[in-house]
Amino acid sequence: MIQSLSLTLEPEVAFDEAAFERAVLQRLQYACDDPNDPDRPVVRKIRQSIDARRANGRSGQVKVHVDAEVYIGEQPGSRITYRREYPDVGPAPQAVVVGAGPAGLFAALRLIELNIKPVVLERGSDVRTRRRDLAAINKDHIVNPESNYCFGEGGAGTYSDGKLYTRSKKRGDVRRILEILVAHGSTEQILVDAHPHIGTNKLPGVVAELRKSILDAGGEIRFDTRVDDLILEGSEVKGVITAGGDEISGIGVILATGHSARDIFELLHRKGITIESKPFAMGVRIEHQQALIDRLQYHLPGNRNSGRGDYLPAASYSLVTQTRHQGIERGVFSFCMCPGGFIVPAATAPGELVVNGMSPSRRDSRFANSGLVVAVHDNDLKPYGKSGPLAGLHFQKELEQRACRLASRASGSPTQLAPAQRVADFVGGRVSPELLPTSYQPGLHSVDMMEVLPETIAIPLKLGLQQFGRMMRGYVTNEAQIVGVESRTSSPVRIPRRPDTLEHIGTGRLFPCGEGAGYAGGIVSAAMDGEKCAEQLVKLYR
Ligand SMILES: Cc1cc2nc3c(=O)[nH]c(=O)nc-3n(C[C@H](O)[C@H](O)[C@H](O)COP(=O)(O)OP(=O)(O)OC[C@H]3O[C@@H](n4cnc5c(N)ncnc54)[C@H](O)[C@@H]3O)c2cc1C
């Protein structure tokens, strides 16, 4: 018999396996103290979410909601129904997948399930080699344009926080994606947590297992292979041409190159393949001490030395507001918050400065960082003389290059030093005489962020921060700093496709996919989109 129940528990009960089991059995009035009793029911957590809202300024009031199942007189089966078993696609017809990010890798696996051989072409290196390139950015300030925090096996999601929650549940089967990740080495905990994440230390192992499944089934993956051109016959794509001059054809091409593949957007535009501009957002990363965010979010008293204690995870936040400047309404919001994480240099070309965030699985760094971004509208680009589908891309690039130039001028050489300002100083219009310690390894230099950011971003950011300071008392403080620039929150370009077939609107056999195409915004939604593009390709062209 299986009995389901929901409980609201103290963190020290919910997060301690033995205490949790005792609490559940007590609730069922099941008297069994002997843990070795073979008839003892098996307790399994199904869902878990933290509720800090009930704290109401009192300590110790954070609660955890847990859904559980109790197996009485029977053993639970596997949590996952997904089986890591694939047909041999060695002799099958082939399709080309450009990009080995979440969209490309999940497209490749789905093609295999549907008996098509994927040939995955990835401009960057495999996860292991990629680490050397990340070290070079962090320590020597050298950006390899082919292998960096955005490019390389696993895509932009590999060295990230690995947050797996998505608001795009309508777009596909989130549970299926999570199960595939578990089948490839991710912890089963991601099936339980309301806000699951994997962590940057665990993601490369999962990505390597996804690669193994593709190769074992007879698929191909070629690293250090940049696609530079498409083979077009009339209005149909027959294949691609790599930087090395190889022509690779297939029954279709899934283009999953991510939001940073600017050369791909430029290529499509040059070839007359329709692309269009889309709204996006830009701003900064904000970094606090994690202990401060814990105190604010868990409503801990300022003098509580033990901080959040042994059970609660590093607290996160999500902020959103609307501002009005010169008659224009603009959304300002936090983005990709990384509790217990690090700010990382995410540029994809020398001469650019871009920041983003990641966290290890334990989220145990002493810093909390989050993107803090402002919506950019088409109209904003006009005063800068930009128009057309690549306008947003050029605007992004200009901002990244300006940030880099300022830093390089300050340090006297090309650098990944990031411009920064303490938060209260930014709001009050003062340059910070000194900056705070940071998780950003290349280092910071103090600037007036008004000089780095265009007014259309800087002023709404100030106004937004003032509002966030009222929503979350203590958030706006000189004990926190903003670091620039967070410019790659999403793609400024869409590669439009037919809603029914997911094929490009004017080009046959071309399936724009994932975040770069403008149809995803995160690891899970990109993975779901990869699967859907693979299904449509097979349906139309097998
Ligand atoms: C530092 C960081 C942290 C992040 N944290 C999170 C998070 O915690 N949770 C979350 O959901 N999302 C996070 N994101 C966003 C997430 O990584 C992306 O939304 C997701 O990876 C998009 O998947 P994708 O497959 O569409 O594109 P990408 O992951 O960008 O993959 C595209 C791939 O295509 C390759 N490529 C590009 N051009 C070419 C070419 N011409 N030829 C061959 N290959 C090419 C690239 O090298 C890359 O590997 C983070 C991003 C970054 C940079």
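As the structure lists them, so they are numbered: ligands from 1, and atoms in each ligand from 1. Just so it is clear, the structure is predicted and the values come from calculations on it, not from any experiment.
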**For atom 25 (O) of ligand 1, the protein heavy atom that lies nearest, with its residue and separation** = Ala103 N, 2.9 Å
**Item:** Pair Arg494-Tyr519, side-chain contact (heavy atoms from CB on, under 4.5 Å): steps then yes or no
**Value:** CA-CA 8 Å; Arg494 176 175 292 114; Tyr519 294 97; 3.6 Å; yes
**Prompt:** What's the shortest distance from atom 34 (O) of ligand 1 to any protein heavy atom, and which residue and atom give it?
**Reply:** Gly99 CA, 3.2 Å
**Asked** Side chains of Ser316 and Arg363: is there a donor and an acceptor less than 3.5 Å apart?
**Response** no
**Message:** Can you give me the closest heavy-atom contact between Ser359 and Cys338, atom names plus distance?
**Reply:** OG-CB, 3.3 Å
**Request:** Using a 4.0 Å heavy-atom cut-off, say whether Asp228 meets ligand 1 through its side chain, its backbone, both or neither.
**Result:** neither
**Fill in**
Nearest heavy-atom contact between Met337 and Ala368 is CE-CB, 3.7 Å
**Request:** Could you tell me the residue and atom name of the protein heavy atom closest to atom 40 (C) of ligand 1, and the distance to it rounded to 0.1 Å?
**Result:** Val227 N, 3.7 Å
**Asked** With a cut-off of 4.0 Å, which atoms of ligand 1 are near a heavy atom of Leu121?
**Response** 43 (C), 44 (N)
**Request:** Please state which part of Thr257 comes within less than 4.0 Å of ligand 1, counting heavy atoms only: side chain, backbone, both or neither.
**Result:** both
**Fill in**
Any heavy atom of Ala526 under 4.0 Å from ligand 1? The part involved is side chain
**Fill in**
min-distance protein heavy atom vs atom 49 (O) of ligand 1 -> Glu122 OE1, 2.7 Å
**Under 4.0 Å to a heavy atom of Asn356 - the qualifying atoms of ligand 1, by number** = 1 (C), 2 (C), 3 (C), 52 (C), 53 (C)
**Request:** Taking all heavy atoms of Arg402 and all of Val452, pick out the closest pair and write down the distance.
**Result:** NH1-O, 2.9 Å
**Asked** Which of these, Ser125, Ser260, Ser160, Ala156, has its nearest heavy atom closest to atom 4 (C) of ligand 1?
**Response** Ser160
**Message:** Show the atoms of ligand 1 that are less than 4.0 angstrom away from any heavy atom in Tyr159.
**Reply:** 1 (C)
**Asked** Without hydrogens or angle criteria, can the side chains of Tyr440 and Gln481 be said to hold a donor-acceptor pair below 3.5 Å?
**Response** no
**Prompt:** Residues two or more places apart in sequence or in another chain: which of them pass ring-ring contact (aromatic ring centres under 6.0 Å, His included) with His445?
**Reply:** none
**Prompt:** Which class fits the ring pair His184 and Tyr82: parallel under 30°, tilted 30 to 60°, perpendicular over 60°?
**Reply:** tilted
**Request:** Would you indicate whether the side-chain heavy atoms of Leu267 and Asp228 approach each other to under 4.5 Å?
**Result:** no
**Message:** Out of all atoms in ligand 1, which are within 4.0 Å of some heavy atom of Cys150? Include the element for each.
**Reply:** 48 (C)
**Asked** With a 4.0 Å heavy-atom cut-off (strictly under), which part of Thr225 contacts ligand 1: side chain, backbone, both or neither?
**Response** backbone
**Prompt:** Where is the nearest protein heavy atom to atom 8 (O) of ligand 1: which residue, which atom, and how far?
**Reply:** Lys163 N, 2.9 Å
**Prompt:** Among protein heavy atoms, which sits nearest to atom 31 (O) of ligand 1, and what does the distance come to when rounded to 0.1 Å?
**Reply:** Gly101 CA, 3.4 Å
**Prompt:** Can you list the residues that meet the side-chain hydrogen bond (donor to acceptor under 3.5 Å, both in side chains) rule with Ser160, with sequence neighbours excluded?
**Reply:** none
**Item:** Contact summary for Ser491 and Phe265, nearest pair of heavy atoms
**Value:** OG-CZ, 3.5 Å
**Prompt:** Below 4.5 Å, heavy atoms only, C-beta onward: do Arg130 and Val207 meet side chain to side chain?
**Reply:** no
**Message:** Can you confirm whether Leu292 sits close enough to Leu296 that some side-chain heavy atom of one is under 4.5 Å from a side-chain heavy atom of the other?
**Reply:** yes
**Message:** As an exercise, identify every atom of ligand 1 less than 4.0 angstrom from a heavy atom of Val98.
**Reply:** 42 (N), 43 (C)
**Prompt:** What are the atoms of ligand 1, with element, lying closer than 4.0 Å to any heavy atom of Ala256?
**Reply:** 32 (C), 33 (C), 34 (O)
**Prompt:** Tell me: protein heavy atom nearest atom 26 (O) of ligand 1, and distance?
**Reply:** Glu515 N, 2.8 Å
**Request:** Mark up the atoms of ligand 1 that fall under 4.0 Å of a heavy atom belonging to Ala261, in ascending order.
**Result:** 37 (C), 38 (N)
**Request:** Can you figure out which of Cys513, Gly258, Gly155, Ser490 has its heavy atom closest to atom 30 (O) of ligand 1?
**Result:** Gly258
**Fill in**
The option among Arg226, Arg262, Arg222, Arg123 carrying the non-hydrogen atom nearest to atom 39 (C) of ligand 1 is Arg123
**Prompt:** Do you see a protein non-hydrogen atom under 4.0 Å from atom 36 (N) of ligand 1?
**Reply:** yes
**Message:** Testing the basics here: between Lys278 and Val493, what is the closest heavy-atom pair and its distance to 0.1 Å?
**Reply:** CD-O, 3.8 Å
**Item:** Per-atom contacts of ligand 1 with Gly514, taking only distances under 4.0 Å to non-hydrogen atoms
**Value:** 26 (O)
**Item:** Gly152 heavy atom under 4.0 Å from ligand 1
**Value:** yes
**Asked** Which one holds for Cys336 and ligand 1: side chain close, backbone close, both close, or neither close, with close meaning a heavy atom under 4.0 Å?
**Response** side chain
**Item:** atom 11 (O) of ligand 1: the protein heavy-atom neighbour that sits closest, reported with distance to 0.1 Å
**Value:** Ile523 N, 2.7 Å
**Asked** Distance-only, no hydrogens or angles: does the His269 side chain make a donor-acceptor pair with backbone N or O of Ile275 under 3.5 Å?
**Response** no
